[in-house]
Amino acid sequence: MGHRLSDWWLKTAYLDYRLPVVVHSSPGVVLPRLQFNDRHGQIRYAAKLIAGVLDFKTMIDNETLPVEYLGGKPLCMNQYYQVLSSCRIPGTERDSVVNHALSKRPPTHITVVHNFQFFVLDVYNSDGTPLTADQLYIQLERIWNSSLQTNEEPIGILTSSHRNNWGKAYANLIKDRTNNASVQAIQKSIFTVCLDAPMPRVSDEMYPTRAAVQMLHGGGSRWNSGNRWFDKTLQFIVGEDGTCGVIYEHAPAEGPPIVALIDHVVEYTKKSEMIRTPMVPLPMPKKLHFNITPEIKSNIEEAKKNMNIMVHDLDVRVTVFSHFGKNVPKSHKMSPDAFIQVALQLAYYRLYKRCCATYESASLRMFKLGRTDTIRSASIDSANFVRAMDDPAKQNQEKVTLLEKAVKAHRAYTDMAIHGQAIDRHLLGLKLQAVEDLSALPEIFMDPSYATANHYNLSTSQVPAKTDCVMCFGPVVSDGYGVCYNPMEKHINFAVSAFNSCADTSATRLAHALEDALLDMKSLLDQTLKSKL
Ligand code: COA
Ligand code: HC5
């Protein structure tokens, strides 16, 4: 990919992008629900989780993480070095990212937030060994007990603002020395743990959706949205009602390294039982103080208002598609990812009677410092199939042939993309080169078709995980959908998002249409196979 392109991408996709990171950029991950419903369970799980992350950190620090492979090729592991001890910093025009992992004295603390109050928790003993889950339990309990009051200003909600506004508010906030020291402690911390208050109860069917929005935005200012520092790269959320997950700030890394870390932590929390360790007295975790001037107070009020508008505007639907997973497409010798993408094309076509520009993330980690390129899932072949599928004049055999062609075309473009042969980052590079050289922008970039091709009504991503988790993110255009899926062997977890302010979109409608499309494609293959026999 080249350092230049990675750098351009970081700026274009993240640091120059001015919309709030909440909903518009930061993805959420929901873990399978934990079986606790009280503060004891919450603290106990948080303690194990922290120990699990520190265990993973040891592998990062020792460089003992096994190199990952895609299509038989080793992948760049750099992103693993960017996710701990890092943080985004707002600017009035452009943000930046700081990474303290490689500094001379790397941080040894995490931040914990409970009832909107931030604490510094040192997670290493003086001999350099990480605190055990047992020790962490005691420290977390001390934090819990010293943050019982629920009337604190939700200072963290400032990080959910439009980036220019937050950049301005930030400059003002850190003029105060205490505030500056507190903000720096959060930025430098290895990661953040959010001990969330329970959220409103919902039906079992709606639970995964409710959990997904808790991860994405926290539910609004009266719930857990103030219990975050959204600029922090990694925030682990542990709810008192057993709802757990992660929200991460996207600038430093893609989903797969985050999910690999989560997979490790989930396994770790399963196997580690609390072992009693000899108790050496530990220092009291330090509360971070903020001096709230009237100006800061008014910034907080403004941020709360905007957060609540975002919360109301976000329409999410999580579906656990339990009829089949990767097994069915595999049995038909088809790429599961391509099968799901073609189903998504069919679902969209059925709702809108047209195709739309569709984005799917392709990993560029075969290249040093590689990030992503775009798999354009809407192709001539996918259009031919979706038009034929519901056409009564077409025979099933012909539909199957068109389906096979569409799936093959998707897989072929995927292979091109991951090998650096796709068009989108290439075009972006040419465009930014022209801007940098102050030469005339080539006409193609001013053509309306270029704008149309980049208006992704469907913005999608596959993030496979070992853990049965749900991943989600918001749409990238006001009349679009975000679709994230985790395909397991026998089921698929989907999260669909849209905006309520757009009358033409509905997350639930698209989620249902996607289920129908997958089922109909399977029956088509089954029937045609039978008639062949
Ligand atoms: N017949 C039978 N099996 C097949 C098959 C076929 N024709 N084609 C693929 N399969 C199998 C594969 O061997 C693989 O097997 P596994 O489950 O044992 O691993 C499985 O099906 C999945 O393959 P496929 O569905 O084709 O997708 P993929 O795993 O190659 O993933 C991308 C495709 C685009 C998602 C992947 O290349 C990628 O880039 N991932 C990263 C995306 C990313 O970064 N997302 C987050 C951005 S923040
Ligand atoms: C934990 C799941 C994270 C998935 C995030 C993701 O896919 O981000 C995409 C990154 C990229 O460069 O393609 C962007 N997208 C959400 C807009 C698809």
Side-chain angles (χ1 to χ4, degrees), residues 28-53 110 112-119 121 132-152 154 156 191-228 235-247 262-263 265-276 285 311 316-320 465 467-472 493 495:
V29 181
V30 185
L31 299 184
R33 187 170 192 167
L34 275 299
Q35 291 310 315
F36 58 79
N37 209 345
D38 59 5
R39 87 175 225 188
H40 171 74
Q42 179 184 30
I43 296 177
R44 191 182 143 91
Y45 187 74
K48 284 185 180 185
L49 180 143
I50 295 166
V53 184
I110 64 167
V112 178
V113 47
H114 178 235
N115 283 336
F116 309 161
Q117 299 156 65
F118 287 83
F119 292 82
L121 170 56
T132 62
D134 218 17
Q135 290 175 304
L136 289 162
Y137 183 93
I138 290 171
Q139 294 296 71
L140 290 171
E141 197 170 42
R142 293 165 99 178
I143 289 175
W144 219 100
N145 289 336
S146 48
S147 50
L148 295 171
Q149 65 283 23
T150 53
N151 57 350
E152 295 257 337
F191 55 91
T192 296
V193 172
C194 312
L195 299 175
D196 269 18
M199 300 275 289
R201 280 172 179 274
V202 292
S203 66
D204 286 351
E205 197 211 344
M206 288 313 286
Y207 174 77
T209 300
R210 202 227 71 190
V213 300
Q214 183 174 352
M215 300 311 140
L216 274 178
H217 56 52
S221 65
R222 62 180 292 237
W223 301 101
N224 288 300
S225 299
N227 216 41
R228 306 278 183 274
Q235 297 194 88
F236 294 89
I237 294 156
V238 181
E240 205 180 316
D241 58 1
T243 305
C244 297
V246 168
I247 177 166
I262 291 172
D263 281 340
V265 170
V266 167
E267 278 312 303
Y268 186 95
T269 56
K270 279 186 198 154
K271 67 171 192 237
S272 93
E273 258 320 299
M274 297 283 219
I275 18 153
R276 293 263 152 219
V311 165
V316 177
R317 181 68 188 220
V318 173
T319 304
V320 177
T467 312
D468 189 11
C469 52
V470 172
M471 290 98 155
C472 49
N493 298 334

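Just so you know, these numbers use all the heavy atoms, side chains as well, and skip hydrogens, waters and symmetry mates.
Side-chain atoms of S147 come within 3.5 Å of backbone N or O of I143 as a donor-acceptor pair. No side-chain donor-acceptor contact under 3.5 Å links Q214 to the backbone of T209.
For Q35, the side-chain hydrogen bond (donor to acceptor under 3.5 Å, both in side chains) criterion is met by no residue, not counting sequence neighbours. In this structure R142 satisfies the side-chain hydrogen bond (donor to acceptor under 3.5 Å, both in side chains) test together with Q139, sequence neighbours excluded. With sequence neighbours left out, T150 forms a side-chain contact (heavy atoms from CB on, under 4.5 Å) with N115. Among residues two or more places apart in sequence or in another chain, the salt bridge (Lys or Arg N to Asp or Glu O under 4.0 Å) test is passed with R39 by E141. Considering only residues two or more places apart in sequence or on other chains, W223 meets the side-chain hydrogen bond (donor to acceptor under 3.5 Å, both in side chains) condition with none of them. Every residue two or more places apart in sequence or in another chain that forms a side-chain contact (heavy atoms from CB on, under 4.5 Å) with N37 is listed here: R201, D241. For A197, the side-chain contact (heavy atoms from CB on, under 4.5 Å) partners at least two apart in sequence or on another chain are N224. Among residues two or more places apart in sequence or in another chain, the side-chain hydrogen bond (donor to acceptor under 3.5 Å, both in side chains) test is passed with Q235 by none. Contacts of H217 classified as ring pair (Phe, Tyr, Trp, His ring centres under 6.0 Å), with partners at least two apart in sequence or in another chain: none. Residues that satisfy the side-chain contact (heavy atoms from CB on, under 4.5 Å) test with Y45, not counting sequence neighbours, are L31, L34, F36, L49, V238, C244, T269. Residues passing the ring pair (Phe, Tyr, Trp, His ring centres under 6.0 Å) test with F119: none are found, sequence neighbours excluded.
Here the CD1-CD1 distance, from I43 to I138, works out to 11.5 Å after rounding to the nearest 0.5 Å. Separation of atoms CD1 (I237) and OG1 (T243) is listed at 10.5 Å; rounding is to 0.5 Å. Separating the CG atom in L140 from the CD atom in Q135 is a distance of 11.5 Å, to the nearest 0.5 Å. A distance of 11.5 Å separates CG of L195 from CD of Q117, quoted to the nearest 0.5 Å. A distance of 11.0 Å separates CE in M215 from SG in C469, rounded to the nearest 0.5 Å. Atom-to-atom distance recorded for F116:CZ and Q149:CD is 12.0 Å, nearest 0.5 angstrom.
Considering every non-hydrogen atom in both G242 and R33, the closest pair reads O-CG, 3.7 Å. Across all non-hydrogen atoms, the minimal contact from A212 to V316 is CB-CG1, 4.4 Å. R228 and F118 get closest at one heavy-atom pair: O-CZ, 3.6 Å. Closest heavy-atom contact between V470 and A495: CG1-CB, 4.2 Å. Pairing each heavy atom of M199 with each of G219, the nearest pair is CE-CA, 3.9 Å.
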**OP:** In sequence, state the C-alpha distance, the side-chain angles, and the governing distance for V113 and V193, and then conclude on side-chain contact (heavy atoms from CB on, under 4.5 Å).
**Re:** CA-CA 6 Å; V113 47; V193 172; over 6 Å; no
**OP:** Check step by step if side-chain contact (heavy atoms from CB on, under 4.5 Å) holds for F191 and V53.
**Re:** CA-CA 9 Å; F191 55 91; V53 184; 3.5 Å; yes
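By the 4.5 Å heavy-atom criterion applied to side chains, L216 and C472 are counted as neighbours. Under the 4.5 Å side-chain criterion, counting only non-hydrogen atoms from C-beta, K48 is not in contact with V265. In this structure, T192 and I110 have side chains that are not in contact, with every pair of non-hydrogen atoms separated by 4.5 Å or more. Between N493 and V318, the closest side-chain pair of non-hydrogen atoms is not below 4.5 Å.
Look at E240 and R44 and you find no salt bridge, because none of the NZ, NE, NH1 or NH2 atoms lies under 4.0 Å from a carboxylate O.
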